[in-house]
Each structure stands twice: as structure tokens, then as C-alpha cells.
Novice: 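Dumping the structure here so I can ask a few things about it.
When reading the values below, keep in mind they use all heavy atoms of this one structure, side chains included, and skip hydrogens, waters and symmetry mates.
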Amino acid sequence: MPSFQLFFTFPLWLALILHSTTTTTLSQPAAPPPAPPGPTNITKILEKSGQYTVLLRLFRMTKLSNQINTQLNNSNQGMTVFAPTDNAFSALKPGSMNSLSDQQKVELVQFHVVPMFLSTAQFQTVSNPLRTQAGDTTPYNFPLNITTSGNQVNISTGVVDATVANTIYSDGSLAVYQVDTVLLPMRMFGPPAPAPATVPEKNNKKSKADDGVESPADEDGSASAEASGGVSFRYNLGVLMAFIGMFYL
Ligand SMILES: *[C@@H]1O[C@H](CO)[C@@H](O)[C@H](O)[C@H]1NC(C)=O
Ligand SMILES: *[C@@H]1O[C@H](CO)[C@@H](O)[C@H](O)[C@H]1NC(C)=O
Ligand SMILES: *[C@@H]1O[C@H](CO)[C@@H](O)[C@H](O)[C@H]1NC(C)=O
Ligand SMILES: *[C@@H]1O[C@H](CO)[C@@H](O)[C@H](O)[C@H]1NC(C)=O
């Protein structure tokens, strides 16, 4: 009999709860719903640790965290992020970050992202040079080399050597590793590229602006769109004035 009673009281409870929540949402300015577990969020992962404030700032500035989250959701290759600590950024030569253009900051952050999930075991068998999110595998287009010796994982950019210090996160799709050195790419911090390599460099920059990365080129695009909007507005105004003028003739 108590189960019989339950059978009737449960829907009643439910109705009461639903009723009360409906009335509160109606009477109050919608309270934010509890955050669902949701898709993987690189920002959240790095925020938890507290020692990646510079990287997080760069992520925010370059909007790369959105790109990573979206790409993770849409690709089955997964992704690997090498996250330099705040100490790693402090160890850089003073002013090295400030001397970079916005586009170079984007590239620097992308250089720390490999568009493929790499477990610690996979570091042993990875084939070098490794493509990063910043370009392809040609020498001045932001490749990384990963070598291992025992449990030590060594990342070489041609300018600096870093070791993987720690696994921050790994779920089979996204891997985030702590590195104690900022990975400095040859393109920005190495010796100047040999003469033939400087010619295609410009073309590469152009095509990169097209693949979703925010760049000054995008701003120029919208600016010119606004300008042409202004022209057509003026044109329409002219037509309108002419039209009104006709009635006065
Ligand atoms: C990821 O987490 C950050 C901070 O916790 C939050 O501001 C951001 O909205 C989240 N992004 C997504 C797509 O959930
Ligand atoms: C994730 O992918 C699904 C299906 O591909 C899509 O419907 C959804 O909008 C994506 N979410 C984000 C945050 O990109
Ligand atoms: C890491 O790799 C670089 C270049 O391949 C090498 O010069 C360096 O000695 C290596 N470091 C360690 C700790 O294995
Ligand atoms: C990376 O590895 C490739 C292939 O082994 C080699 O040709 C290249 O010089 C290496 N680059 C760096 C920066 O270690």
C-alpha cells in the first residue's frame, strides 16, 4: 500500500515542483540554468590550475580557445595543446611578447597546438616534423619535433628545446601538457629564413587569413563593406530626393 500511495503522490510532487519552478521563472528575471557538463572547454581546463594566466590571456586575445573548442567538437583527430606556464613566459627575454604583432601572437599560440590527439605513449612513435595549427611541416612554417628518451618527452622548435613536464588533461580527444618553456618558432625567433623561403611566406600569410583566423585583413574587409554601405545609402538618398522633387515640379 505505501507503493500505491507513492504511485499517486509522486506525480503530485512532480507537479508541485514543476509548478513552483514555472512560477519562479515567470516572476523572476530568468535565473541561469545550471551549467551542463557540456563540450570540452580548454579555458576551463587551464583556469583550474591557476598557473596559465598569460596563456589564457593570449587565448582570449587571439580567440583561439573558441577555435580549439569548436574544432574539438567537429573533428575526430582530436588535439594536443602544449601549455607554457606563467613562469615559462616570465623567463622570456623582456619585451619579446610585446614586440610581436597581433598576427604573430595568433601564430605563436597556434604553434603550441597540434591538430591531433597525442597520448604520452604516442610521443614515442610520432613522425617528425610534426604539423602545428600554425602551418605545415616545412622548416619555416611552424613545425615541431618530438623525441623521447625514456619517459622524457623532448620538444624541439629549432630555437628552443622544451620537455613535457606534466599531463594536465587527457581524455582521448584532447590532451593538454604542461611545458616549462615557451615554444619559440623559427619564423619569429630563429635566424632569418634562407632567401627562397621568404617569397612564398607572403602567400602563406594571405591564405591563412582565409581559414577562420581573425586577422587585420578581416577588419579591412568589414571596413570596406561599411564604406560601400555608406555609398549605397547616399545613392538611395539621392534617388529619394529626386523622387520627392518630382512632386514639386
Ligand atoms: C569555457 O569556459 C570559460 C570559463 O570557465 C567560459 O567563460 C566560456 O564561456 C566557456 N566556453 C564554452 C564554449 O562553454
Ligand atoms: C558541436 O557539433 C555538433 C554536431 O556536429 C553541432 O550541432 C554543435 O553546434 C557543435 N557545438 C559547438 C559548440 O561547436
Ligand atoms: C632534445 O632535443 C634536442 C634536439 O633534438 C637535443 O639537442 C637535446 O639534447 C634534447 N634534450 C633532451 C633533454 O633530450
Ligand atoms: C626535425 O626533424 C626533421 C626530420 O628528422 C629534421 O630534418 C629537422 O632538421 C628537425 N628539426 C628540428 C628543429 O629539430
Novice: Counting distance only, does the side-chain N/O of T132 pair as donor-acceptor with the main-chain N or O of V113 below 3.5 Å?
Specialist: no
Novice: Looking just at side-chain N and O atoms, do T163 and N154 make a donor-acceptor pair shorter than 3.5 Å?
Specialist: no
Novice: L130 and M116: which non-hydrogen atoms are nearest, and at how many Å?
Specialist: CD1-CE, 3.7 Å
Novice: With no hydrogens and no angle check, just 3.5 Å: does a side-chain donor-acceptor pair link Q77 and Q71?
Specialist: no
Novice: Under 3.5 Å, side chain of S96 to main-chain N/O of K93, donor-acceptor pair present?
Specialist: yes
Novice: When you measure from the side chain of T157 to the backbone of V159, do you find a donor-acceptor pair of N or O atoms at a distance under 3.5 Å?
Specialist: yes
Novice: Side-chain contact test, heavy atoms from C-beta onward, threshold under 4.5 Å: evaluate it for R187 versus F142 and give yes or no.
Specialist: yes
Novice: Going by heavy atoms in the side chains, are L100 and F189 under 4.5 Å from each other?
Specialist: yes
Novice: Mind checking the CD1-OG1 spacing from I45 to T40? Nearest 0.5 Å is all I need.
Specialist: 6.0 Å
Novice: Within the structure provided, determine whether P84 and L55 are in side-chain contact (heavy-atom separation under 4.5 Å).
Specialist: yes
Novice: Calculate, to the nearest 0.5 Å, the distance between atoms NZ and CE belonging to K63 and M61 respectively.
Specialist: 10.5 Å
Novice: Taking atom CD of E107 and atom NZ of K105, what is their separation to the nearest 0.5 Å?
Specialist: 13.0 Å
Novice: Is the backbone of L183 close enough, under 3.5 Å, to the side chain of H112 for a donor and an acceptor to pair up by distance?
Specialist: yes
Novice: Between S149 and Q152, do the side chains contain a donor N or O and an acceptor N or O under 3.5 Å apart?
Specialist: no
Novice: Which heavy-atom pair separates A175 from F117 by the least distance, and what is that distance?
Specialist: CB-CE1, 3.6 Å
Novice: Under the 3.5 angstrom rule, does the side chain of Q67 hit a backbone N or O of L64 as a donor-acceptor pair?
Specialist: no
Novice: Quick check: closest heavy atoms across P115 and Q133, and the distance to 0.1 Å?
Specialist: CB-OE1, 3.4 Å
Novice: Could you tell me whether the side chain of L108 reaches within less than 4.5 Å of the side chain of M97, counting heavy atoms only?
Specialist: yes
Novice: Enter the distance from S119:OG to D171:CG here, rounded to the nearest 0.5 Å.
Specialist: 12.0 Å
Novice: Yes or no on side-chain contact (heavy atoms from CB on, under 4.5 Å) for D161 and I155, after CA distance, side-chain angles and deciding distance?
Specialist: CA-CA 6 Å; D161 292 325; I155 306 170; over 6 Å; no
Novice: Please give me the minimum heavy-atom distance between F111 and P143, naming the atom from each residue.
Specialist: CE1-O, 3.5 Å
Novice: Would you check if the side chain of T62 reaches a backbone N or O of L58 as a donor-acceptor pair within less than 3.5 Å?
Specialist: yes
Novice: State, with a plain yes or no, whether a side-chain heavy atom of T85 is found less than 4.5 Å away from one of D180.
Specialist: yes
Novice: Under 6.0 Å between the ring centres of F123 and Y177?
Specialist: yes
Novice: Using a 4.5 Å cut-off on heavy atoms from C-beta on, say whether the side chain of M79 contacts that of V114.
Specialist: no
Novice: For S65, which of N41, V109, L46, I42 qualifies under side chain to side chain contact (heavy atoms under 4.5 Å, CB included)?
Specialist: I42
Novice: When you compare the side chain of L72 with that of S173, does any pair of heavy atoms fall below 4.5 Å?
Specialist: yes
Novice: Could you tell me whether a side-chain N or O of N128 sits under 3.5 Å from a main-chain N or O of I146, the two making a donor and an acceptor?
Specialist: yes
Novice: Could you check whether any side-chain heavy atom of N66 comes within less than 4.5 Å of a side-chain heavy atom of F59, counting everything from C-beta outward?
Specialist: no
Novice: Distance check, rounded to the nearest 0.5 Å: Q110 atom CD versus I68 atom CD1?
Specialist: 9.0 Å
Novice: Has the side chain of N166 got a donor or acceptor atom that lies under 3.5 Å from a matching backbone atom of Q178?
Specialist: no
Novice: Return the CG to CZ distance between N87 and F89, rounded to the nearest 0.5 Å.
Specialist: 11.5 Å
